[in-house]
Amino acid sequence: MLEIKENSISGYTAKTSKPFNLLDVYSIPESISVSYNKNFDMSSGYRTKSMITMAMYNNSGEVLGVIQLINKRKDYDQRIPGKKLDEDQIIPFNNNDVEFLDDLASLAAIALENARLYQEIRQMFEGFVKASVVAIEAKDPVTHGHSERVADLTVAMAETINKIQEGPFAKVNFSEKDLLQIRYASLLHDFGKVSVNEEVLTKSKKLFPYELENLKSRYKYIRKSIESDYRQECLDYIEHNGLEKYNEAKPELDKAFQNRLQEIDETINLLIKSNEPTVLEEGCSNRIAELSNSTYKDKEGNETPYLTERETTALSIKRGSLSESERLEIESHVKHSYEFLARIPWTKDLSRVPEIAYSHHEKLNGKGYPNHRSEQDIPLESQMMGITDIFDALTAQDRPYKPALPLQKALNILHMDANNNALNKDLVDLFEKEKIYSCLKEKPIE
């Protein structure tokens with residue numbers, strides 16, 4: 001694209017919006033304050049002579065550009081490609097040429113306007129996608145950057161597959177439009193999280209923070225009650241048996257008191273330990289079951305439960321931080337993502353974005369969600385995204401509730417899932433062999 005200056009031929013045409021027909025650009029009438037820049041001719045050895053220039057403008061009268069024809073040939077039918085044009089074969093453009101160029105300029109203006117509108121729509125949609133990612137991360141700040149990283153990894157995997165000439169992916173090729181579709185599906189794969197309860201979405205331990213504080217406060221109360229009851233027991237003992245016998249019995253009374261306090265301390269420590277999203281030990285599980293059926297009764301007969309029903313359910317989770325109902329709520333984000341994406345009037349080139357995003361949590365063995373699809377029903381793009389999604393979750397270095405796994409350990413987990421027919425083994429092998437993960441700016445821990 002050339003800069004249009006007011007004293008240039010193109011600038012004059014754009015300013016006046018009128019056709020400009022010159023017999024010889026080297027002999028422009030002095031009455032017209034324009035000049036022809038001969039630098040191009042001098043550098044190329046080409047002699048520009050006759051020229052016709054026409055402005056291109058839209059329905060609003062806005063000039064979009066200028067179209068220009070140079071050197072009409074008298075010997076057009078006898079021309080020899082590659083042979084230098086003889087200056088005596090150059091003739092002026094006539095009125096028919098002006099009319100032809102006017103029609104051509106109108107068509108070019110329409111095409112240019114459509115291209116510009118398409119670009120504006122594309123930029124607007126890009127902005128919408130980025131805004132959607134911001135909305136996802138605002139809902140779940142601990143996964144900041146996850147969508148971008150999954151998109152980068154999945155597109156990098158698709159581009160790598162395009163280079164493969166043999167093996168299971170030799171006949172697979174993703175066009176530029178396919179790559180854009182994969183990118184959008186990856187960026188928006190978690191959009192449904194905006195409809196998930198934020199408290200559940202960001203839950204890092206088995207109990208919610210306020211539930212853990214309530215539990216600790218209850219055990220502080222129980223401990224204080226034991227201390228108060230012990231003091232009352234001592235006073236009662238002195239009253240009924242006298243100070244001398246009390247002093248004799250005090251070591252045993254103190255020991256029993258300390259044992260009760262120690263039991264309470266060990267219990268709350270066990271419950272705090274059980275609150276972590278690690279595998280629950282059998283001993284902890286049995287103790288939680290015992291506590292769920294027990295209460296503390298003080299001297300006045302007031303009963304305090306060691307564990308509420310809700311706490312028992314949460315702390316009995318065998319692994320992770322989510323109860324079954326909470327896990328199902330988290331998993332529902334896939335369905336919400338699909339329902340949201342399916343409402344967007346995608347172009348034909350992007351029509352599979354909802355479908356690709358919908359299946360990224362499906363497993364080849366049918367044990368994924370939300371539809372428990374089998375391998376043949378899961379798009380290859382979704383299988384790729386399933387791998388990159390898991391990998392990023394394992395290696396992300398910004399999750400406050402878990403440390404990032406080393407690279408090799410994360411890859412081993414992917415291979416383990418592949419061996420269990422949950423992930424596509426060929427894709428996992430490709431992911432490691434081609435070091436797809438190296439495309440990330442923030443590399444996984446080695």
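Only this structure's heavy atoms are used, side chains among them; waters, hydrogens and symmetry mates stay out. Positions are given from 1, in the same order as the sequence printed here.
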Distance only, no hydrogens: is a donor on one side chain within 3.5 Å (strictly under) of an acceptor on the other, for [X] and [Y]?
X: Thr48; Y: Lys38; result: no
X: Ser60; Y: Glu62; result: no
X: Ser175; Y: Asp178; result: yes
X: Asn259; Y: Glu263; result: no
X: Gln262; Y: Gln258; result: no
X: Tyr184; Y: Glu126; result: yes
X: Arg149; Y: Thr388; result: no

For the pair Tyr296 and Tyr306, name the ring-plane relationship: parallel under 30°, tilted 30 to 60°, perpendicular over 60°.
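Answer is perpendicular, since the angle exceeds 60°.
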According to the interplanar angle, ranging from 0 to 90°, do the rings of Phe125 and Phe128 count as parallel (below 30°), tilted (30 to 60°) or perpendicular (above 60°)?
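Aromatic pair Phe125/Phe128 classed tilted.
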[atom1]/[X] to [atom2]/[Y] distance, rounded to the nearest 0.5 angstrom?
X: Ile9; Y: Thr53; atom1: CD1; atom2: OG1; result: 6.0 Å
X: Ile161; Y: Phe174; atom1: CD1; atom2: CZ; result: 5.0 Å
X: Lys425; Y: Ile387; atom1: NZ; atom2: CD1; result: 11.5 Å

Does atom [atom1] ([X]) have a neighbourhood of more than 12 heavy atoms from anything else shown, all under 6.0 Å?
X: Phe40; atom1: CZ; answer: no
X: Tyr57; atom1: OH; answer: no
X: Glu300; atom1: CD; answer: no
X: Glu281; atom1: CD; answer: no
X: Glu166; atom1: CD; answer: no
X: Glu176; atom1: CD; answer: no
X: Phe100; atom1: CZ; answer: no
X: Gln123; atom1: CD; answer: yes

On a heavy-atom basis, which atom in Ile378 and which in Ser374 lie closest, and how many Å separate them?
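Ile378 and Ser374 have their closest heavy atoms at CG1-O, 3.3 Å.
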Which heavy atom of Val66 sits nearest to which heavy atom of Ala14, and what is that distance?
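Nearest heavy atoms, Val66 then Ala14: CG2-CB, 4.0 Å.
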Evaluate salt bridge (charged side-chain N to carboxylate O under 4.0 Å, His left out) for Arg218 paired with Glu311, printing each intermediate quantity in order.
CA-CA 12 Å; Arg218 190 182 322 127; Glu311 291 165 348; 2.7 Å; yes
Test side-chain hydrogen bond (donor to acceptor under 3.5 Å, both in side chains) on Ser323 and Ser325; report intermediate values, then the result.
CA-CA 5 Å; Ser323 66; Ser325 61; 3.2 Å; yes
Might you work through the side-chain hydrogen bond (donor to acceptor under 3.5 Å, both in side chains) test for Lys318 and Ser285, ending with a clear yes or no?
CA-CA 8 Å; Lys318 296 298 182 184; Ser285 181; 3.2 Å; yes
Exam field: side chain Ser186 to backbone Ala151, donor-acceptor pair closer than 3.5 Å
no
Is the shortest side-chain heavy-atom distance between [X] and [Y] below 4.5 Å?
X: Pro370; Y: Tyr358; answer: yes
X: Ile182; Y: Met157; answer: no
X: Glu432; Y: Phe391; answer: no

Salt bridge (charged side-chain N to carboxylate O under 4.0 Å, His left out) between Arg327 and Glu331, intermediate numbers included
CA-CA 6 Å; Arg327 182 182 64 79; Glu331 290 181 359; 2.4 Å; yes
Which one of Glu276, Glu326, Glu199, Glu213 satisfies the salt bridge (Lys or Arg N to Asp or Glu O under 4.0 Å) criterion with Lys205?
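Among the candidates, only Glu276 passes.
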